[in-house]
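The next block holds one structure in the form of structure tokens; read it before the comments.
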Amino acid sequence: MKKYLIVTLFITTMLAASWTTKSSSEKTTHAKAVDEKWIENTISQMTLEEKVAMIHAQSKFSSPGVPRLGIPEVWCDDGPHGVRPETLWDAWASANWANDSCTAFPALTCLAATWDRELAALYGKSVGEEARYRGKTVLLGPGVNILRTPLNGRNFEYMGEDPYLASQMVVPYVQGVQSNGVSACVKHFALNNQEHKRHETNVSIDDRTLYEIYLPAFKAAVVDGGVWSVMGAYNLIGGEWCCENAHLLKDILKGEWGFDGVLMTDWGAVKSTEKCASNGLDLEYGTHTNGLDANVKNAYDSYCLARPYLEKLRTGELPESDLNDKVRRILRLELRTNMDRMRPFGRFTCPDHYAVARRIGAEGIVLLKNDNCRLPIKADAKKIVVLGENAIKPFTPGGGSSSLKVQHEVSIFDGIKAAFPNAEVVFERGYVGQPKHGSKTYNYGQYDLSDSRTPDRLTADAVAAVADADYVIFVGGLNKSRYQDTEGDDRKSMDLPYGQDAVIEAIAAVRPDMIYVNVSGNPVGMPWADKVDAILQDWYLGSEAGNSLADVLSGAVCPSGKLPFTIPVALEDGPIKSREQYPGIKDDDGIWQESYSEGVFVGYRWFQSKGVKPRFPFGYGLSYTTFEYGQARASSKKMGSSITISVPVKNTGSVAGAEVVQLYIHDAEASVERPEQELKGFEKVWLAPGECKTVKITFDRSALSFFDAASHNWIAEKGEFEARIGSSSDDIRSTVRFTL
């Protein structure tokens with residue numbers, strides 16, 4: 001079914017990696033070994049001033065090396081979806097380079113929706129090549145914070161609501177990036193699950209919830225992925241800022257997980273010289289010293305880990321041993337990146353990367369509804385009417401630090417026109433969301449989508465336009481503007497903005513066979529879902545956005561994406577029930593106190609435990625073909641070191657396609673309250689029409705375990721369990737019982 005060029009760039013060592021999460025007592029085993037004797041010898045030759053200079057920024061995105069000893073500067077860059085354009089040395093404004101337009105890859109929600117580890121490796125390798133070509137040391141991504149609420153403005157940068165899925169997808173991404181001699185930087189560690197008051201929120205959470213839901217993807221990146229750097233978060237946990245939190249950084253990250261890389265700040269996330277010096281922070285960026293405003297000769301000397309730290313070291317108030325550990329970790333990073341003589345050269349905005357972006361985009365799109373087999377669009381269509389501002393709006397600018405300057409971006413409207421050259425493809429606006437785009441900070445190209453028509457006139461014109469169309473496609477959703485999927489702001493509600501619901505209702509009244517395409521990185525409300533024939537969950541797909549969607553609409557690609565999150569009918573159906581849970585309550589000190597009192601019941605865990613039916617469940621996604629599951633069988637009915645579940649899956653339709661076979665574990669009887677089931681395995685299988693393959697998924701005792709806070713250990717209790725095999729969390733096809 002893939003008619004476009006596929007470039008396979010996999011490295012065998014990436015694909016051979018074990019995807020099983022290790023126990024919390026195991027240390028990282030995949031980080032690249034370096035010459036530790038050289039590191040110690042180099043530290044012994046450095047002055048105190050040289051050491052301190054290495055551990056804080058010298059510009060917005062760089063920190064100094066040691067020129068006297070031949071140690072290079074460290075250069076960082078956003079982000080996980082493409083390499084951000086260059087900024088000025090001391091300001092966020094664009095440097096206005098002519099050669100820094102990148103390939104924009106799909107946002108990470110789309111990657112998670114592919115449920116494809118090999119694509120994650122290919123994604124990481126490709127974006128890492130672009131970072132390497134641009135001379136970057138650290139690529140600031142990927143993000144793996146859990147979707148706790150659909151209102152989080154930054155969910156589009158992350159990998160969904162399930163810790164197992166995020167863990168499985170982050171490992172190959174990290175290894176792909178780092179195969180280029182560029183460090184991935186997994187972020188934001190930890191519990192940065194909202195943008196609203198992210199600099200002022202203190203999270204109260206129990207250890208079980210922390211370890212079971214919010215830490216696994218970070219742990220996988222460190223222990224299994226061998227990530228070379230980690231970025232701290234802005235918020236507090238238990239009253240301590242994340243970048244100064246000894247329990248989070250020293251006890252867990254560097255202690256339990258054995259992380260030997262660099263823990264850096266998010267930009268401006270530290271508050272105290274003493275705490276960040278002593279509690280595990282290694283590299284400081286972006287601290288708001290107001291040095292430039294006050295006309296200080298060198299503002300960066302005012303950072304917490306700069307002159308204030310140097311003075312405390314000179315007086316003996318703080319020990320040099322902590323400083324040496326920070327320098328040791330940065331030197332380790334240098335050997336793995338800038339000083340690696342075998343480091344590849346990288347590639348930038350090449351045809352291969354556009355092919356990768358297009359492929360990932362198409363395979364991440366999720367077909368949510370297809371009544372009357374409305375899709376794919378027939379090749380002999382004479383007239384296609386495309387409605388909605390999102391069909392023509394650029395999405396690579398905006399959204400915060402993931403905003404990109406691209407060589408090109410194919411709009412959805414242009415992609416559809418190119419896919420159906422023999423059809424009349426007509427555009428009608430329908431609604432006005434963000435008419436103009438312009439930025440003094442990021443000069444990524446300006447556009448003007450102004451429209452003088454009133455909302456009533458826009459709706460009337462849209463209804464009139466669809467009367468004689470063979471196909472009607474409404475492209476709506478969010479748009480990365482303020483309060484609509486962006487860093488720094490959360491959404492106000494799950495509703496579609498700009499009056500879209502009313503426009504969709506009006507069109508559906510005359511064309512119930514319409515196709516709705518939702519562009520977003522978050523669940524949105526769909527009160528009209530029963531009134532339209534087809535619904536596609538599209539994402540922010542980057543440079544090849546229009547082509548990726550057109551591949552699915554035309555049938556050139558058979559949809560295989562599965563939701564990485566639950567789409568509720570209404571926001572109140574989810575686990576957040578009080579202001580104490582979200583967005584928190586402001587105390588007398590100006591800190592927003594927030595309780596994660598829902599515990600481990602996040603996403604589908606909540607909906608299933610409460611018997612609440614969502615609009616579309618986690619793991620859900622339709623295809624243009626159909627799949628038949630046989631009876632699942634276990635390699636053993638008693639858990640030893642592991643069990644392998646085997647299930648035959650047959651393509652019973654007329655076109656080739658892929659199915660994601662999902663394994664959920666149910667604990668029949670436990671001493672603690674547990675979710676009804678939890679994802680603990682999946683495999684994506686490609687099948688020709690009529691073809692049958694046996695899918696095998698292996699799991700060990702860790703899949704049965706819960707975290708016991710009292711003993712600070714993972715416990716798998718004896719008793720009966722069920723391995724449930726399904727096409728989604730709500731579509732279980734076969735069950736196998738076994739005992740531990």
Side-chain angles (χ1 to χ4, degrees), residues 57 61 74 76-84 105 107-109 111-112 120 123-124 127-128 131 136-148 152-160 163 166-167 169-171 173-178 182-195 198-199 201 203 214-223 225-237 241-245 248-249 252-254 257 259 261-270 276 280-286 329 333 399-403 486-488 521:
F61 281 96
V74 170
C76 303
D77 208 310
D78 294 306
H81 313 132
V83 185
R84 187 177 182 172
F105 296 89
L108 290 186
T109 41
L111 178 62
Y123 189 127
V127 72
K136 305 305 178 184
T137 312
V138 180
L139 183 71
L140 301 174
V144 292
N145 295 102
I146 294 296
L147 192 156
R148 178 177 178 248
N152 180 13
R154 215 165 176 180
N155 280 335
F156 73 96
E157 291 191 48
Y158 304 142
M159 295 189 182
S167 297
M169 298 301 284
V170 72
V171 169
Y173 178 104
V174 165
Q175 293 174 336
V177 170
Q178 294 185 170
V182 173
S183 173
C185 184
V186 67
K187 61 184 186 181
H188 305 88
F189 191 61
L191 303 181
N192 188 173
N193 303 306
Q194 67 189 65
E195 291 300 289
R198 60 180 175 167
H199 296 276
T201 296
V203 174
Y214 298 101
L215 291 186
F218 289 103
K219 177 186 170 187
V222 171
V223 176
V227 72
W228 299 336
S229 61
V230 173
M231 180 188 290
Y234 285 125
N235 51 283
L236 304 94
I237 300 176
W241 299 103
C242 284
C243 287
E244 305 172 358
N245 192 309
L248 190 66
L249 307 183
I252 298 175
L253 178 64
K254 296 181 176 181
W257 301 348
F259 176 61
V262 173
L263 188 284
M264 66 172 61
T265 64
D266 202 341
W267 268 233
V270 299
C276 69
L281 182 70
D282 301 313
L283 186 55
E284 179 186 7
Y285 281 104
R329 291 169 179 274
L333 176 68
S401 61
S402 65
S403 184
T486 185
E487 180 180 0

- Item | CA sep, side-chain torsions, deciding dist, call: Val138, Leu333, side-chain contact (heavy atoms from CB on, under 4.5 Å) | CA-CA 9 Å; Val138 180; Leu333 176 68; 4.0 Å; yes
- Message: Taking His188's backbone N and O only, do any of them form a donor-acceptor pair with Asn145's side chain (distance below 3.5 Å, no angle check)?
- Response: yes
- Locate the shortest heavy-atom distance separating Asn152 from Gln194; write the atom from each residue and the value. OD1-CA, 3.4 Å
- Considering non-hydrogen atoms only, spot the tightest contact between Cys243 and Thr265 and give its length. SG-CA, 3.8 Å
- Can you name the nearest heavy-atom pair linking Arg84 to Ser403, along with the distance? CG-O, 4.1 Å
- Task: Tell me, please, which residues at least two apart from Glu195 pass salt bridge (charged side-chain N to carboxylate O under 4.0 Å, His left out).
- Result: Arg198
- Got a sec, which residues hit ring pair (Phe, Tyr, Trp, His ring centres under 6.0 Å) with Phe61, two or more places apart in sequence or on another chain? Trp92, Trp267
- Task: With side-chain contact (heavy atoms from CB on, under 4.5 Å) as the test, would you mind laying out the steps for Leu140 and Met264 before giving the verdict?
- Result: CA-CA 10 Å; Leu140 301 174; Met264 66 172 61; 3.8 Å; yes
- Message: With side-chain contact (heavy atoms from CB on, under 4.5 Å) as the criterion, how do Asp282 and Lys254 come out once you've worked through the C-alpha distance, each side chain's angles and the decisive distance to 0.1 Å?
- Response: CA-CA 12 Å; Asp282 301 313; Lys254 296 181 176 181; 2.9 Å; yes
- Message: Within the structure provided, determine whether Phe259 and Val227 are in side-chain contact (heavy-atom separation under 4.5 Å).
- Response: yes
- Query: Which pair of heavy atoms, one from Trp228 and one from Gln178, lies closest together, and at what distance?
  - Reply: N-OE1, 2.9 Å
- Residue pair Ile237 / Tyr214, side-chain heavy-atom distance below 4.5 Å: no
- Message: I need the minimum non-hydrogen distance between Gly141 and Lys187, along with the two atoms involved.
- Response: CA-CE, 4.2 Å
- Can you tell me how far CG of Leu147 sits from CE of Met159, rounded to the nearest 0.5 angstrom? 13.5 Å
- Task: Mind listing the closest non-hydrogen atom pair of Leu139 and Ala131 along with its distance?
- Result: CD1-CB, 4.1 Å
- Is there side-chain contact between Val144 and Phe218, with at least one heavy-atom pair below 4.5 Å? yes
- Query: For Phe156, which residues count as a ring pair (Phe, Tyr, Trp, His ring centres under 6.0 Å) partner, sequence neighbours excluded?
  - Reply: Tyr540
- Note on the structure: For Tyr173, the ring pair (Phe, Tyr, Trp, His ring centres under 6.0 Å) test, sequence neighbours excluded, returns Tyr123
- Query: Can you list the residues that meet the salt bridge (charged side-chain N to carboxylate O under 4.0 Å, His left out) rule with Asp77, with sequence neighbours excluded?
  - Reply: Arg134, Lys136
- Separation between CG (Leu283) and SG (Cys185), nearest 0.5 Å, reads 9.0 Å
- Task: Please examine the side chains of Cys242 and Leu191, heavy atoms only from C-beta on, and report whether any two atoms are closer than 4.5 Å.
- Result: no
- Note on the structure: side-chain hydrogen bond (donor to acceptor under 3.5 Å, both in side chains) filter on Glu157, not counting sequence neighbours, yields Arg154
- Item | Within-4.5 Å side-chain heavy-atom neighbours: Pro142 and Val174 | yes
- Task: Rounded to the nearest 0.5 Å, what's the gap from CE on Met231 to CG on Leu263? Could you check?
- Result: 10.0 Å
- Message: Within the 4.5 Å heavy-atom criterion, are His81 and Val127 side-chain neighbours or not?
- Response: no
- Should Phe189 and Leu249 be marked as a side-chain contact (heavy atoms from CB on, under 4.5 Å) after you check the CA-CA gap, both sets of side-chain angles, and the distance that decides it? CA-CA 9 Å; Phe189 191 61; Leu249 307 183; 4.0 Å; yes
- Item | Spatial distance of atom OG (Ser402) from atom CG (Leu108) [nearest 0.5 Å] | 9.5 Å
- Message: Measuring only between side-chain heavy atoms, which start at C-beta, is Ile252 closer than 4.5 Å to Trp257?
- Response: yes
- Item | Heavy-atom side-chain contact between Glu244 and Leu281 under 4.5 Å | no
